[in-house]
Amino acid sequence: GALKQVVMKAVYVSISGFSASDIQRLSGVGDKHYIQKIMRKLIADGYLVQVGRRKCDHGNSIERVFTIVDRAKFRLDLVG
């Protein structure tokens with residue numbers, strides 16, 4: 001519901017490459033697994049595509065970086 005809309009808006013305003021951690025920071029949603037679940041669905045539905053990888057903020061692992069394939073379609077279909 002409302003929490004998912006917050007995540008969708010955070011994804012939409014992330015113009016260039018972003019990770020699940022970036023979306024977590026922007027949305028204020030505490031559960032990163034919830035964000036990853038939403039992002040997996042967006043990837044499967046063709047809204048997001050991976051554009052690279054980078055070190056996590058804490059530097060211990062690698063995280064995937066994504067971008068929106070078609071911002072106009074994303075906004076029309078998902079942001080409202």
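Please read all numbers here as calculations on a predicted model, not as lab measurements.
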Practice task
Treating Ile, Leu, Val, Met, Phe, Trp and Tyr as nodes and any side-chain heavy-atom pair under 4.5 angstrom as an edge, say whether V69 and M39 lie in one connected cluster.
Solution key: no
Fill in the blank from the handout: Tightest non-hydrogen contact, residues S14 and L26, listed as OG-CD1, 3.2 Å
Problem - Within 6.0 angstrom of K37 NZ, more than 12 heavy atoms from elsewhere - result: no
Practice task
Could you tell me whether the side chains of R64 and S19 share a donor-acceptor contact shorter than 3.5 Å?
Solution key: no
Practice task
If the plane angle is over 60° it's perpendicular, under 30° parallel, otherwise tilted; pick one for F66 and F18.
Solution key: tilted
Exercise for the section: Answer whether the closest heavy-atom distance between the side chains of V7 and Y34 falls below 4.5 Å. Expected result: yes
Handout entry: Verdict with supporting geometry, V49 and I43, side-chain contact (heavy atoms from CB on, under 4.5 Å)
Key = CA-CA 6 Å; V49 65; I43 293 161; over 6 Å; no
Handout entry: L78 vs Y47 side-chain heavy atoms within contact, under 4.5 Å
Key = yes
Handout entry: Residues, nucleotides or ligands: over 12 heavy atoms within 6.0 Å of R53 CZ
Key = no
Exercise for the section: Please name the pair of heavy atoms, one in V79 and one in M8, separated by the smallest distance, quoted to 0.1 Å. Expected result: CG2-O, 4.2 Å
Practice task
Check the pair S16, T67 against side-chain contact (heavy atoms from CB on, under 4.5 Å), reporting the backbone distance first and the verdict last.
Solution key: CA-CA 6 Å; S16 57; T67 193; 6.0 Å; no
Practice task
Give, for atom SG of C56 and atom CD1 of I62, the distance between the pair rounded to the nearest 0.5 Å.
Solution key: 7.0 Å
Practice task
Return the set of residues passing salt bridge (Lys or Arg N to Asp or Glu O under 4.0 Å) with D77 (not counting sequence neighbours), or none when no residue passes.
Solution key: K73
Handout entry: Salt-bridge contact R54-E63 (side-chain N to carboxylate O under 4.0 Å)
Key = yes
Handout entry: Close side-chain approach of V65 and Q50, heavy atoms under 4.5 Å
Key = no
Problem - Whether D31 side chain and H33 backbone form a donor-acceptor pair below 3.5 Å - result: yes
Problem - L42 CG to I35 CD1 distance, which is reported to the nearest 0.5 Å - result: 11.5 Å
Fill in the blank from the handout: The remaining residues in the hydrophobic cluster of L76, counting side-chain heavy-atom contacts under 4.5 Å among Ile, Leu, Val, Met, Phe, Trp and Tyr, are none
Handout entry: Distance-minimising heavy-atom pair for V11 and I68
Key = O-CD1, 3.6 Å
Completion exercise
Nearest heavy-atom contact between K32 and A20 is CE-CB, 4.0 Å
